[in-house]
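This one's a predicted model, so the numbers in the text were calculated from it and none came from an experiment. When a ligand or atom number is given, it counts from 1 through the structure's own listing order.
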Amino acid sequence: MGKLIMVSNRLPVTIEADGSARRTTGGLASALEGADLPGEQIWVGWPGGAAEDFEDLEKVRAELLESGVAPVFLSQDDLDGFYEGYANSTLWPLLHYMVERARFSADWWLAYQRVNRKFADVIAEVADENDQIWIHDYHLFLLPAMLRRRKKGLRIGFFLHTPFCSSEIFRVLPERAEILKGLLGADVIGFHTYSYLRHFRSSLLRVLGWESEMEGIWHDGREVHMGVYPIGHNHAGFDEVMRQPGFPEIVESHLQDLAGKRMILNVERLDYTKGLPQKLAAMRRFLERNPDKRDDVLFVLIAVPSRLGVQEYDSLTEEVQREVGAINGEFGKVGHAPVQFLHRGFPLADLAAFYALAEVCLVTPLRDGMNLVAKEFLDCQRPEFSSRPGVLVLSEFAGAANELSHAIQVNPHDVDEVATALNRALEMPDAERRNRIGMMQGRLRKQDSGAWTRRFLKDLDQVPPTDERAVIMDLKSLAGQIAGQAHAGRKIGLFLDYDGTLRDFVDEPDLAVPDVELPALLRDLAAFPGLSVAVVSGRAPAFLEQHLGGLGVTLVGEHGYRWLDGGEGEWTLFNPHVNIEWKPAIREHLEQASLLTPGTHVEEKQSALVWHYRKADPEFGSWRARGLLDELTSMAANLPVTVHHGKKIVEISSLQVSKGAAVDYLLQAWECETALVAGDDQTDETMIMLTPENIEFHAVRVGGGPTRAAYRTDIQGMRRFLDELRAGLRSNKPNS
Ligand code: GDG
């Protein structure tokens, strides 16, 4: 097994200009600290600061490399455009649904691309074939595809720590297509919740028009797996500090400071997504409504400074400071200010003590990928350290809300609701508090950051190694083998689907005409003595004859209903007794569906009916198609038909007609000794599944999806195969 290369914008440590190191605060850093990563590792990331400020860049690089860290040094220009600009002023607000905060600049986009390339450069230097690369977060959306182009044989995972916003928001981003394609360079893409995965899939559909499955998407000749991996907190780290002999003293000293007040705790990186102003509004409402509790409670707001220098963050700090002052001015008294704003970080042991002592933990972000504070608070609730169990008040817009259903969940925008929840939490009887904590704590401790890491890396590990993925290589030797057999005088049949196999799909099927090279290629192949070629398509005869007639290639139309021997003369039916009496009733049903679904229409073929939804709204269209499929399947239970869901179509065709049956017929008629079938969808599987006796039979699936074919490739790979076969046929001394 190769090594693990962890890649994040920030390293888990910040390196000062003199080379000394300091720990970074934030969700990613603290989760990974407890993750207990396996095997040999290298961390790749920005060490903090601008490259210009380091006294001796090369010395720092060499020292860091020795301790397993490969730094990506960024210039002040990079930092302005990439970090403060595109990552934190464009992507961060958009991903958190704050469109009005998002700012756009072409220069920032250039810097974002440049810095992603710098990361790719550093990784390419330290990575070897079969290493696992685990890329973290929105700063590096372009990196998976860049890296894949740069270096073969890597297993690339990507995890997004933020939400993935609805496609309606994501579409706002000018570079939306590039970002999605960049991400699809990964083998495994992970999200915290199912909703984020769903939004990502609808963005693929709405921005790129690419349909995907829940588990992933076939892209660029490989399977990109998508999954839901809710991150856990660093249970081991908190457990360790709480077990230390000095911990009770730390708790005791904070308890003294509280002087009998009931602590309502808030811990966060100071960020507008965490909703501190809204939280302060709720505190104010609570204090207004509950004068009897004003002297009892103490709101402790720990807010670690974050992204200093970014304008939004500086003004947020000022806004919070002003409001804290105003609330204390209004509701405080000599010796007691109800709100304490601590604008700094604390050591983990102090944080654990705060969590243990809090009666209420107020976690009310406006949007949050997961939120680890909520989990850490619950974990630190241990009866030996506090007189009363605590209550979690949690925003329904935090990813953690999916898992923590026994918290009091609130809408953070609803000031009244949060104020009421605060009061309810303070009044909650101890038995209920304990019960709620118990329901959540066990699971959290098991699903900690270590479990999260293991799950993600296990899936990354299951990505097949390069040589298994490189099916196109196999086709090359297959081309040589078949050319050799043709030269040796064996009778060979090639049965090739058209759309999605020889030619890409386009929005308008009539425009999917063959490119200039295809007719010549097919003609050359069919001209070789003993080698017969058939294009086996679902298309109507007229289209096939117009574009592929007269080439010496046999045309099979309407999924095997009729054929044109050698591409000229008269079309013949494979089976003149096919039953088509079922058509009127089904046609009426399909026409009804078209009326109700704008952008769809019914195509009538001799032995089939096709409902096309290529031009419908993509989600509405595929939802309707699934419904139609159910209806037709039950309607057709006693009819001699099959129903099939193809690429943007639902097709009902006679049971007696199939591509497989047509190919079976031609295999005999042509007395084939070797045959190759190739296709990209379920109708082609009827040829792929044939098992003709005494014939060497090769089946190729073009693109993704379940198949019985032994070979898999993409359209380019298929065309390359045919080119190589032609070259083999032309050469005097064939490979065998
Ligand atoms: C991003 C996503 C997602 C805070 N103050 C102190 C301190 N912290 C630690 C907490 C916690 C971490 O910072 C904050 O993590 P969050 O998950 O709450 O939020 P983000 O930093 O925004 O993280 C988030 C996360 O990535 C992981 O995927 O959950 O949604 O936005 O661990 O303990 N740590 C110490 N002293 C402090 O004063 N030692």
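One option in Glu376, His161, His96 has a heavy atom closer to atom 3 (C) of ligand 1 than any other, and that option is His161. For atom 20 (P) of ligand 1, the nearest non-hydrogen atom from the set Glu268, His233, Lys274 belongs to Lys274. Among Val363, Leu351, Asn371, Val241, the residue whose heavy atom lies nearest to atom 34 (N) of ligand 1 is Leu351. Within the set Phe346, Tyr229, Phe354, the minimum heavy-atom distance to atom 35 (C) of ligand 1 is found for Phe346.
Within the 4.5 Å cutoff, the side chain of Leu11 has heavy atoms near those of the Pro47 side chain. You'll find the side chain of His161 stays beyond 4.5 Å of the side chain of Met370, heavy atoms only. Counting only heavy atoms from C-beta outward, the side chains of Val418 and Asp414 never approach each other to under 4.5 Å.
Relative ring orientation between Tyr97 and His199 is described as perpendicular, the plane-to-plane angle rising above 60° on a 0-90° scale split at 30° and 60°.
Residue Leu372 touches ligand 1 through backbone and side chain together, judged by heavy-atom distances below 4.0 Å. Contacts between Thr162 and ligand 1, counted as non-hydrogen atom pairs separated by less than 4.0 Å, are absent for every part of the residue. Residue contacts with ligand 1 for Trp92 involve side-chain atoms from C-beta outward but no N, CA, C or O (heavy atoms, distance under 4.0 Å).
Between Arg155 and the options Asp461, Asp131, Val188, a side chain to side chain contact (heavy atoms under 4.5 Å, CB included) holds for only Asp461.
Residue Val267 has at least one heavy-atom neighbour below 4.0 Å for each of these atoms of ligand 1: 4 (C), 5 (N). Which parts of ligand 1 touch Gly369 is read off a 4.0 Å heavy-atom cut-off, strictly below it: atoms 30 (O).
Side-chain rings of Phe159 and Trp452 approach one another, their centers coming within less than 6.0 Å.
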